[in-house]
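Input: a single structure, listed below in structure tokens.
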Amino acid sequence: MSAISQNNTSKTAEFYIEHHGWLQRWLAHRLNCHVDAEDLAHDTFIRVMRSRHQTKDIRKPRQFLITVAKGLSIDLYRRRTIERQYLEALKALPEPQWPSEEAQAITLEILTELDEMLSGLGSNVRETFLLSQCEGLSYEQIAKTLNISRRSVSNHMAKAMEHCCLFRLEKHLK
Amino acid sequence: MTSAIDHEALKKAIHAASKWYAILQSQQASKQTKQDWQLWLQQNKYHRLAWDQVQEIQGAMSATPGTITSTTLRNTALSRRELLRRLGVVFVAIPTASIVWHIKPWQLD
């Protein structure tokens, strides 16, 4: 249930008044954008207030709010960056081959999940996986491109796939 | 997924499935190797479940023309570094952060 009940509405309001200002300034400073800072500060409070926990139980509110705000900032920028990079990459295709708006939206969802999944991998492992799985390079070609052994290519492939599978497993267990 | 699933067994199967994936993806697997893989796959339900996961990920990676996916993911990773630097996140280390509060971020939904 919502943390906002009659009993603690005023506590919640106090919490908001005490922390909203500095959080928004902190975000504006870090993100260099007042509009995003305003939205993200708002979203951070919504997220905290909607949780089952009461704001009075938060022992270190500054650290807590900053951590939630950082997580939301990363999500927002991840989505935006993926969308921008995807539209940029699409330009390489002749326009008649562009997917429909609907197909683009689905692709963006998939790309967002893939990006989240792959962000936990080291750069060589990740690059090996992309070169093989997306670009169809042979293990020999990948070994040459990345200047690593063929055995490493094979190990990287197994590692990347295992990481992705476990990532999804953990996510679905939550 | 149902509660009847033994997650440790599934994790082990995922480990094995990933090795099979690396072997088969090399496109140099012999007929014998492919038969061995088939045998492994038929051994038990965890092997099949794990292989389903592998195929789902392969499906997601190839849902879009390959270079679009790889170019997008590569460039996204590059620009994320800048954001993480600005937010003061050297790397995403959520477990250690949980020391400072007693409400975990994943309980917020």
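Within every chain, numbering begins at 1; the chains are lettered A, B, ... in the order of the sequence lines, protein sequences first and strands thereafter. Just the heavy atoms: all of them, side chains too, but no hydrogens, waters or symmetry mates, feed the values below.
When the shell of 6.0 Å around CD of A/Glu101 is examined, it contains 12 or fewer heavy atoms from other residues, nucleotides or ligands. Within 6.0 Å of atom CD in A/Glu102, 12 or fewer heavy atoms from other residues, nucleotides or ligands are found, so the atom counts as exposed in its surroundings. Taking a 6.0 Å sphere around CZ of A/Arg168, one finds it holds more than 12 heavy atoms contributed by other residues, nucleotides or ligands.
In this structure, A/Phe129 and B/Ile57 have side chains that are in contact, with non-hydrogen atoms separated by less than 4.5 Å. Side-chain contact between A/Met161 and B/Trp20: absent, with no pair of heavy atoms (C-beta onward) separated by less than 4.5 Å. B/Thr71 places none of its side-chain heavy atoms less than 4.5 Å from the side chain of A/Gln85. The side-chain heavy atoms of B/Arg74 and A/Glu127, taken from C-beta on, include a pair separated by under 4.5 Å. A 4.5 Å side-chain heavy-atom check between B/Ser70 and A/Leu131 finds every atom pair outside the cut-off. Side-chain contact between B/Gln28 and A/Ser138 is absent, with no heavy atoms from C-beta onward closer than 4.5 Å.
What you find for B/Ala22 and A/Tyr139 is that their closest heavy atoms are O-OH, 2.7 Å. Closest non-hydrogen pair, A/Leu111 versus B/Leu73, comes out as O-CD2, 3.6 Å. Taking all atoms of both residues into account, the shortest heavy-atom contact from A/Ala89 to B/Ile68 is O-CD1, 3.4 Å. Between A/Tyr86 and B/Thr64, the shortest heavy-atom distance links the atoms CE1-CG2, 4.5 Å.
Both A/Leu27 and A/Phe15 are members of a single hydrophobic cluster when ILVMFWY side chains are connected at heavy-atom separations under 4.5 Å. Note on A/Leu72 and A/Met49: same hydrophobic cluster, where clusters join Ile, Leu, Val, Met, Phe, Trp and Tyr whose side-chain heavy atoms are under 4.5 Å apart, directly or indirectly. When the side chains of ILVMFWY residues are joined at heavy-atom separations under 4.5 Å, either directly or via intervening members, A/Phe45 and A/Ile74 end up in a single hydrophobic cluster. Grouping the Ile, Leu, Val, Met, Phe, Trp and Tyr side chains by contacts below 4.5 angstrom, directly or via other members, places A/Leu114 apart from A/Leu166. Linking ILVMFWY residues whenever their side-chain heavy atoms come closer than 4.5 Å, directly or via other members, places A/Trp26 and A/Val68 in the same cluster.
The pair A/Glu162-B/Lys19 does not meet the salt-bridge criterion, since no charged nitrogen lies less than 4.0 angstrom from a carboxylate oxygen.
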Derivation of the side chain to side chain contact (heavy atoms under 4.5 Å, CB included) call for B/Ser26 and A/Met157: CA-CA 9 Å; B/Ser26 74; A/Met157 290 295 286; over 6 Å; no
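Taking A/Glu140, A/His29, A/Lys159 one by one and counting their heavy-atom pairs under 4.5 Å with chain B, the maximum is reached by A/Glu140. Between chain B and the options A/His156, A/His163, A/Arg150, the largest number of non-hydrogen pairs under 4.5 Å is found for A/Arg150.
Contact of A/Gln97 with chain B is not made at all, since no heavy-atom distance falls under 4.5 Å. Interface remark: A/Ser132 contributes backbone and side-chain atoms alike to the contact with chain B (heavy atom separation under 4.5 Å). Heavy-atom distances place the side chain of A/Ile110, and not its backbone, under 4.5 Å from chain B. At a 4.5 Å heavy-atom cutoff, the contact between B/Thr67 and chain A is made by backbone and side-chain atoms alike. With a 4.5 Å cut-off on non-hydrogen atoms, A/Leu31 touches chain B through its backbone and its side chain both. For a residue to count as touching a neighbouring chain, one of its non-hydrogen atoms must lie under 4.5 Å from one of that chain's; by this rule B/Gln25 touches chain A with backbone and side chain alike. Looking at A/Leu118, only its side chain comes within 4.5 Å of chain B, counting heavy atoms on both sides.
Atoms CD and OG1, from A/Glu88 and B/Thr76 in turn, are 11.0 Å apart once rounded to the nearest 0.5 Å. For the atom pair B/His15 NE2 and A/Cys165 SG, the distance stands at 12.0 Å (nearest 0.5 Å). Atoms OG1 and CG, from B/Thr69 and A/Leu130 in turn, are 9.0 Å apart once rounded to the nearest 0.5 Å. The distance from the CD atom of B/Glu56 to the SG atom of A/Cys164 is 12.5 Å, given to the nearest 0.5 Å. Here B/Lys11 contributes atom NZ and A/Glu170 contributes atom CD; the two are 4.5 Å apart, rounded to the nearest 0.5 Å.
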